[in-house]
Amino acid sequence: MLLFLITCLFLILFYKSLSLKPLEPWVYELRLLSPSLWKDSLSFFPITKSVIQRLSGGFTLIPTEMSLRKKTLCSNVENMELSEDISVLDLPELALECILEKLPPDGLCSMAGVCSSLRERCTSDHLWERHMRQKWGRIIGPAAHRKWQWNMSLINESSFLEPSHARGLMGYLSRLWPLLVVKSKTCKISERKSSLPVDSTMSFYLALETGKFWFPAQVYNRENGHVGFMLSCYDAELSYNSQSDTFQARYPPHGRRAIAIEIGVSWDRLRAPPMDTSAHDLHISDCLDHLLPGDHIEIQWRRNKEFPYGWWYGVIGHMESCDRNAGYCRCHESESVVLEFNQYSPGSRWRCTTINRKDHREEGNEADGFYGGIRKLQNNDEISPWKRLWPTDVLE
């Protein structure tokens, strides 16, 4: 113990003289002492603890020539890392593009609010076209695109949407709408304007998502499946409600009847118009010569001349003179075509009708309605919605 105290005293005196003369070579060897040895010794001599800590700290500042060079290099690297701000924009172009392509719409909206460079990237059409196809592609057709372009030619950036204080995705969407106040929770920016082009794909997506844009589409079994519209599909103007994930539908007036409103329309009851034909125009049938018994069809029908057409589901039936034997059936050679609507009970006046294959125009009367153009359903994607909506009870 006495030897250790003497050694400590000597080292203290030596430490004070470091600034006056060069160090002896043996001093460097003291740095090889195990740190655990110092800690164990300190536990027995509390009085000298602070002294030894100060002393040991001083030795760490006396590196050898090699360690000094190494520490200097490490220090430079650390300073460089601390002095540079790492940004997502420092990523390679391909890597950044892959990240943005994986982001959902609310993620792109959030990223677009970070800086002008990311805003330009996150609002580009090629990123939003994929989201448009995934969510809206099935119900947005050419008519909706035309109406959007027409609206964009009439309005300016500041008059289309009112400021929104919604949370979540709707909050992000409203922040990026043209000339709206942007309130960022992360950057605490009080106000700024977004440079989002009003005619961009992102603008179209936001207009649909916020429900501010009423777009044309068709609704199966309109007016909550009213019995008078069972297995039909009618034109309507629709607005999306993101809170309920449903739509509000406005049906055009029928004669003197006012516009009908329906809320809570689900996605599975909607489709884009399959034909680019107005609901008041007769569809020119181009499939009549090729219709065979068993083919699935849709036909235009309206109650009277003042009403718009709706599309009604049916199948091609056999002539009364046919024995329904496939090997001997000649129904396809007849000038008449039998249309069957099997959702109605046998004997119902709506169950069956006949049209002329060669010279079909609008046929009917005020009592039974008017039958218009026919389109043949080509695949299961067109047929399956009708089967899914088939009524549980036979209609009269």
Side-chain angles (χ1 to χ4, degrees), residues 102-109 127-148 151 161 164 166-174 201-252 259-277 279 296 298 308-313 343 375 377-392:
K102 297 295 183 181
L103 290 178
D106 56 343
L108 284 175
C109 291
L127 290 177
W128 286 91
E129 285 170 356
R130 180 173 63 88
H131 294 299
M132 279 291 297
R133 288 192 301 269
Q134 289 179 349
K135 183 165 186 177
W136 299 98
R138 190 179 63 82
I139 63 175
I140 297 296
H145 284 279
R146 284 197 303 270
K147 183 179 180 182
W148 171 253
N151 281 354
L161 282 182
S164 172
R167 297 180 179 179
L169 174 59
M170 300 309 298
Y172 284 123
L173 300 182
S174 62
T201 304
M202 181 179 180
S203 296
F204 194 10
Y205 186 97
L206 303 190
L208 293 168
E209 193 73 25
T210 55
K212 298 298 183 180
F213 176 60
W214 289 76
F215 62 94
Q218 292 182 346
V219 182
Y220 292 101
N221 294 355
R222 58 171 286 178
E223 299 183 30
N224 295 308
H226 188 281
V227 65
F229 298 103
M230 193 64 67
L231 288 190
S232 68
C233 197
Y234 275 80
D235 286 8
E237 294 282 321
L238 293 133
S239 173
Y240 180 60
N241 184 336
S242 62
Q243 301 298 320
S244 61
D245 193 29
T246 58
F247 295 82
Q248 180 178 352
R250 295 189 306 208
Y251 301 101
I259 294 176
I261 303 293
E262 180 182 356
I263 61 174
V265 180
S266 57
W267 285 85
D268 60 346
R269 290 178 54 203
L270 301 179
R271 73 176 184 183
M275 309 301 297
D276 200 12
T277 304
H296 300 262
E298 291 176 8
Y309 285 113
W311 289 97
W312 293 72
Y313 173 74
Q343 63 269 34
R375 60 179 296 263
L377 303 184
Q378 302 293 338
N379 52 56
N380 188 60
D381 291 338
E382 293 185 313
I383 300 172
S384 59
W386 295 111
K387 291 184 175 180
R388 176 173 45 82
L389 296 169
W390 195 269
T392 55

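Along the sequence shown, residues carry numbers from 1.
The structure places CG of L103 at 10.5 Å from SG of C109, a figure rounded to the nearest 0.5 Å. The distance from the CG atom of N151 to the OG atom of S203 is 12.5 Å, given to the nearest 0.5 Å. Atom CD of residue E209 and atom CG of residue D106 lie 9.5 Å apart, to the nearest 0.5 angstrom. For the atom pair CH2 of W148 and NE2 of H145, the computed distance is 11.0 Å after rounding to the nearest 0.5 Å. Here L389 contributes atom CG and R269 contributes atom CZ; the two are 8.0 Å apart, rounded to the nearest 0.5 Å.
At least one side-chain heavy atom of P105 sits less than 4.5 Å from a side-chain heavy atom of Y205. Side-chain contact between L127 and T201: absent, with no pair of heavy atoms (C-beta onward) separated by less than 4.5 Å.
When the side-chain contact (heavy atoms from CB on, under 4.5 Å) test is applied to A272, no partner is found at least two apart in sequence or on another chain. Looking at residues two or more places apart in sequence or on another chain, you find a side chain to side chain donor-acceptor pair (under 3.5 Å) between E223 and R257. Here H296 pairs with Y313 under the side chain to side chain donor-acceptor pair (under 3.5 Å) rule; sequence neighbours left out. The ring pair (Phe, Tyr, Trp, His ring centres under 6.0 Å) check on F229 picks up H226, Y234, with sequence neighbours excluded. Not counting sequence neighbours, the partners of R375 by the salt bridge (Lys or Arg N to Asp or Glu O under 4.0 Å) test are E298, E382. Residues meeting the salt bridge (Lys or Arg N to Asp or Glu O under 4.0 Å) test with R146, sequence neighbours left out: D276. In this structure, the ring pair (Phe, Tyr, Trp, His ring centres under 6.0 Å) partners of W267, at least two apart in sequence or on a different chain, are W136, Y240, F247. S239 pairs by the side-chain contact (heavy atoms from CB on, under 4.5 Å) definition with W214, not counting sequence neighbours. Judged as a salt bridge (Lys or Arg N to Asp or Glu O under 4.0 Å), and not counting sequence neighbours, the contacts of D268 are R388. The side-chain contact (heavy atoms from CB on, under 4.5 Å) test applied to S244 returns N241, T246, not counting sequence neighbours.
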Verdict with reasoning, L208 to M132, per side-chain contact (heavy atoms from CB on, under 4.5 Å): CA-CA 10 Å; L208 293 168; M132 279 291 297; 3.9 Å; yes
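When atom types are taken as modelled, the side chain of R271 and the backbone of Q218 share no donor-acceptor pair closer than 3.5 angstrom. Panel note: side chain N221, backbone M230; no donor-acceptor pair is recorded below 3.5 Å.
In plain terms, the two heavy atoms of Y251 and V219 that are nearest each other are OH-CG1, 3.4 Å. Of all non-hydrogen atoms in G228 and W312, the two that sit nearest each other are O-CH2, 3.2 Å. Of all the heavy atoms in A217 and I139, the pair that sits closest is CB-O, 3.9 Å. When all heavy atoms of P308 and P252 are compared, the closest pair comes out as CG-CG, 4.3 Å. Contact between Q248 and I261 at its shortest, heavy atoms only, is NE2-CG2, 3.4 Å.
When each of K135, R130, H131 is tested with R133 by the rule side chain to side chain contact (heavy atoms under 4.5 Å, CB included), just one qualifies, namely R130. Considering F213, W128, F215 in turn, F213 is the only one that fulfils the ring pair (Phe, Tyr, Trp, His ring centres under 6.0 Å) rule with F204.
For residues 227-251, the pairs satisfying salt bridge (Lys or Arg N to Asp or Glu O under 4.0 Å) are K147-E237, with sequence neighbours left out.
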